[in-house]
Amino acid sequence: MFKTNINFIGNRNIALIFSAVLSIIAIGSLAIRGLEMGIDFTGGTLIEVGYQQAADLTELRSTLTAEGFSDATVQNFGTTKDVLIRLKPHEGVSSADLSAKVLDAINKTTKEPAIIHRVEFVGPQVGDDLAEDGFLALLYSTIGILIYVAWRFEWKFSVGAIIATFHDVIITLGLFSVLGLEFDLTVLAAILALIGYSLNDTIVIYDRIREDFRLLRNKSTEEIMNSAINVTLSRTIITSLTVFLALVSLFFLGGQIIHNFSIALLFGVVFGTYSSIFIASPAVLLLGISAEDLMAPVKEGSELMDDRP
């Protein structure tokens, strides 16, 4: 385990300016362009087809893209012989006509013709309900973080954790908005996972800061925070690197269905690690944290016992 002595807190202004610029870009893009919502939120047509042999999903995606269905999501459904195709709403085209066109398209290049098992239309109301549920999930998780961190540490730490968490979520959403990546339920799940990951990193550093406040009473607040961040740095880097490598494998080998899920977590892990160091702790410092805020309460009668001969 290596030991470092980097002045993270001393360079907090540079980090805060960098984060502020990224946040402004992200919020501006979200306000102007919004998110490219997937069929989970917009509604659309679900087409389930079956084959006698295992289906080649890569070939099906290429065929549908070439035939003008670039927005189609293709995945196995139950077995490798069953395929679920999801399409966004097409104006002026009914589900029956759309499914017939899709069937004609995929049967052009495959030796074995596909058989349609079912066709369903998902209305936009379902998407609205999912979007509302997703927002409520983010809201409830935020409230839970506030309560937990305030109970375990001190309210200033709770606010710092929320600022760092929102920082990660906003910038990750901004990435999807700027690049025009599709936002679906898998990405929403990645955002919720990111919240937990970022908070875990932040809690580890906060734990060390609390311990150092009680042990290193002759040092300034900035020195104590720097010491805590440097002591936990090796753990933070090793954990983040391990998760990052796993996500890289998922990105390249996991398939198209979880491609955006992998992107959200890859980007989120990097910024989650960054915010735990450069946002969470400086935010607590700006709120005026002091050693007195973290001193363990003195039990009643303990002072009298200490005075006894």
Side-chain angles (χ1 to χ4, degrees), residues 1 8 15-16 18-19 22-23 26 30 35 133-153 157-179 181 183-210 225 228-254 257-284:
M1 186 176 293
F8 292 107
L16 292 175
F18 173 68
S19 292
L22 287 182
S23 298
L30 288 168
L35 290 168
D133 291 343
F135 172 77
L136 290 176
L138 289 173
L139 177 63
Y140 293 152
S141 62
T142 301
I143 295 173
I145 291 171
L146 277 169
I147 295 173
Y148 171 73
V149 180
W151 167 75
R152 182 170 177 179
F153 297 97
F157 282 93
S158 181
V159 174
I162 290 297
I163 292 173
T165 302
F166 267 107
H167 167 273
D168 301 338
V169 171
I170 290 297
I171 291 181
T172 303
L173 291 176
L175 171 74
F176 273 73
S177 177
V178 170
L179 299 181
L181 299 175
F183 186 89
D184 55 21
L185 282 179
T186 62
V187 179
L188 177 60
I191 296 296
L192 293 173
L194 169 62
I195 290 174
Y197 178 86
S198 179
L199 179 63
N200 177 68
D201 246 5
T202 301
I203 291 296
V204 170
I205 295 176
Y206 280 178
D207 247 336
R208 189 69 194 194
I209 290 174
R210 179 175 60 179
M225 286 190 167
I229 296 172
N230 278 283
V231 167
T232 58
L233 186 61
S234 59
R235 180 264 177 204
T236 300
I237 291 177
I238 291 172
T239 302
S240 299
L241 184 60
T242 302
V243 176
F244 187 84
L245 291 175
L247 290 171
V248 168
S249 300
L250 197 63
F251 176 80
F252 287 107
L253 304 175
I257 298 300
I258 57 173
H259 192 256
N260 287 349
F261 172 86
S262 305
I263 292 176
L265 278 181
L266 275 170
F267 194 79
V269 164
V270 172
F271 268 88
T273 303
Y274 161 82
S275 69
S276 297
I277 296 172
F278 287 104
I279 303 298
S281 298
V284 174

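Count residues from 1 along the sequence.
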Quick one: does [X]'s side chain get under 4.5 Å of [Y]'s, heavy atoms only?
X: I277; Y: L233; answer: yes
X: S240; Y: Y197; answer: yes
X: I263; Y: L175; answer: yes

Next on the checklist: In terms of relative ring orientation, are H167 and Y274 parallel, tilted or perpendicular, with 30° and 60° separating the classes?
Outcome noted: tilted
Distance-minimising heavy-atom pair for [X] and [Y]:
X: A190; Y: L265; result: O-CD2, 3.4 Å
X: I171; Y: A26; result: CA-CB, 4.2 Å
X: I163; Y: A283; result: CD1-CB, 4.1 Å
X: S275; Y: A164; result: OG-O, 3.9 Å

Checklist entry - Partners of D201 by salt bridge (charged side-chain N to carboxylate O under 4.0 Å, His left out), sequence neighbours excluded? => result R235
Next on the checklist: Apply side chain to side chain contact (heavy atoms under 4.5 Å, CB included) to residues T236 and S276 and explain how you reach the verdict.
Outcome noted: CA-CA 9 Å; T236 300; S276 297; 5.7 Å; no
Checklist entry - Do you know which of F252, F251, F267 makes side-chain contact (heavy atoms from CB on, under 4.5 Å) with S262? => result F251
Item to check | Partner set under side-chain contact (heavy atoms from CB on, under 4.5 Å) for D207, not counting sequence neighbours | outcome: R152, F153, I203, R210
